[in-house]
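See below for the structure under consideration.
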Amino acid sequence: MRPCQLHTWDLSPTEAIAVQLQLRDQVIRCDDFGEIKTVAGADLGIRGSLATAVISVLSYPSLVLVDQSVVKTAVQFPYIPGLLSFREIPPLLQAFDQLQTIPDLIILDGHGVAHPRRFGLASHLGLILDWPTIGCAKSRLFGTYQEPELEKGSYRFLHDRDQNVIGAAVRTRSQTKVVFVSTGHRVSLDSAVRLTLACCPRYKLPETTRYAHRLASN
DNA sequence: GCGACAG
DNA sequence: ATCTTGTCGC
């Protein structure tokens, strides 16, 4: 899981968009992973310009915390819808570098291919690490969908303007708002939905994300 | 031109 | 994301 230097990070928003368009075709939307025994959650907490990057690794499917890493560093890129990865990946890579355990799968707090250029945070990090990733966002960035049934496990596909499927609005908990699941890299949408639901035994968000989020924002 | 817009 | 109190619902 060695990070691959696909590009530099001192980019202007215009250059960042060019990078996304250049890398988007390398994303693998099919299953390309082995047995899942551990799943990692990654998240960033930001206070002013100081970012706290956290990676939490849980056993799967038991979902017990087995490893965690925390790194505090300065953020270098502003938050711009569609360019979130350029703000969050540098700090997250530092946290992954400090991690002792190599997780079999990573679930990100953001979108994968459910993105205006089909290259959200989960796809970008997946490509850099060449590792299986899933995007699981709390709100929609791009695409249209219809509300799924209110029962846990229900979901409806997210479509782009040409009706291509780019993700799914998934009810991970009954009577609660949906989360948006999409392929990050090397995980099909079907597997992404199945694995995400398996990581949500009680709450709307995956346990992985909850663990990372808790440490990152306190 | 107006609205939408992951975290 | 962060700034912030109480409040509605399971």
Side-chain angles (χ1 to χ4, degrees), chain A residues 9 13-14 16-17 19-20 23-24 27 40-56 70-95 106-128 133-145 150-152 157-161 166-185 187 189 192-193 196 200-206 208-218:
Chain A
W9 295 98
T14 300
I17 289 175
V19 165
Q20 295 180 319
L23 300 176
R24 55 186 289 182
V27 174
D43 195 28
L44 267 202
I46 296 177
R47 277 179 157 176
S49 68
L50 180 64
T52 300
V54 178
I55 309 296
S56 299
V70 184
V71 169
K72 291 184 182 299
T73 184
V75 288
Q76 299 289 353
F77 198 89
Y79 169 66
I80 300 173
L83 299 179
L84 178 66
S85 63
F86 294 89
R87 177 177 176 80
E88 302 209 337
I89 289 182
L92 290 180
L93 286 179
Q94 289 187 42
I106 305 167
I107 298 181
L108 282 300
D109 193 7
H111 294 98
V113 300
H115 176 279
R117 290 170 290 282
R118 313 297 185 276
F119 200 69
L121 171 65
S123 297
H124 196 163
L125 181 68
L127 209 55
I128 287 176
T133 59
I134 289 173
C136 180
K138 296 181 292 297
S139 61
R140 187 198 71 95
L141 169 65
F142 182 80
T144 58
Y145 70 101
L150 297 176
E151 295 70 41
K152 174 179 181 176
F157 291 127
L158 244 187
H159 302 271
D160 64 12
R161 297 184 183 80
I166 57 174
V170 184
R171 196 79 67 188
T172 49
R173 180 181 179 174
S174 295
Q175 302 292 137
T176 303
K177 290 201 308 176
V178 297
V179 294
F180 299 84
V181 177
S182 60
T183 288
H185 186 52
V187 181
L189 177 56
V193 170
T196 296
C200 300
R202 181 172 163 100
Y203 300 103
K204 168 191 173 184
L205 296 178
T208 45
T209 309
R210 287 166 42 74
Y211 269 91
H213 193 285
R214 183 188 320 175
L215 255 192
S217 56
N218 274 311

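Per chain, numbering begins at 1; letters A, B, ... match sequence-line order.
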Residues at least two apart in sequence or cross-chain that pass side-chain contact (heavy atoms from CB on, under 4.5 Å) with A/S217, listed by chain then number, are A/H213
Is the gap between the ring centers of A/F119 and A/H124 under 6.0 Å?
yes
Under a 4.0 Å heavy-atom criterion, the protein footprint on nucleotides 2-7 of chain B, written with B, S and -, is --SBBB
Any stem touching DNA chain B, meaning at least three consecutive Watson-Crick or G-U pairs under 3.5 Å, ordered by first number, would be none
With sequence neighbours left out, the residues meeting ring-ring contact (aromatic ring centres under 6.0 Å, His included) with A/F142 are none
Intra- and inter-strand pairing of DNA chain C, written as dot-bracket with Watson-Crick and G-U pairs under 3.5 Å and | for the latter, reads ..........
d(A/F77 CZ, A/L84 CG) to nearest 0.5 Å is 10.0 Å
Heavy-atom contacts, protein to nucleotides 3-10 of chain C, under 4.0 Å, summarised as B (base), S (sugar-phosphate only) or - (none) per nt, yield --------
| task | Would you mind classifying the nucleic acid contact of A/H124 as base, sugar-phosphate or nothing, using non-hydrogen atoms under 4.0 angstrom? | result | nothing
In short, A/P206 meets A/T196 closest at the heavy-atom pair CG-CG2, 4.2 Å
Across all chains, not counting sequence neighbours, the side-chain contact (heavy atoms from CB on, under 4.5 Å) partners of A/S56 are A/V54, A/L58, A/L65, A/Q68, A/Y211, A/A212
So side-chain hydrogen bond (donor to acceptor under 3.5 Å, both in side chains) across residues 170-181 of chain A, not counting sequence neighbours, yields A/E147-A/R171
Of all heavy-atom pairs linking A/A122 and A/T133, the shortest is O-OG1, 2.7 Å
Salt bridge (charged side-chain N to carboxylate O under 4.0 Å, His left out) pairs touching residues 209-218 of chain A, sequence neighbours excluded, are A/E207-A/R210
Residue set satisfying ring-ring contact (aromatic ring centres under 6.0 Å, His included) with A/H111, at least two apart, ordered chain then number -> none
With sequence neighbours left out, the residues meeting side-chain contact (heavy atoms from CB on, under 4.5 Å) with A/A53 are A/L44, A/P91, A/L92, A/A95
Residue set satisfying side-chain contact (heavy atoms from CB on, under 4.5 Å) with A/I17, at least two apart, ordered chain then number -> A/Q20, A/L21, A/L83, A/R117
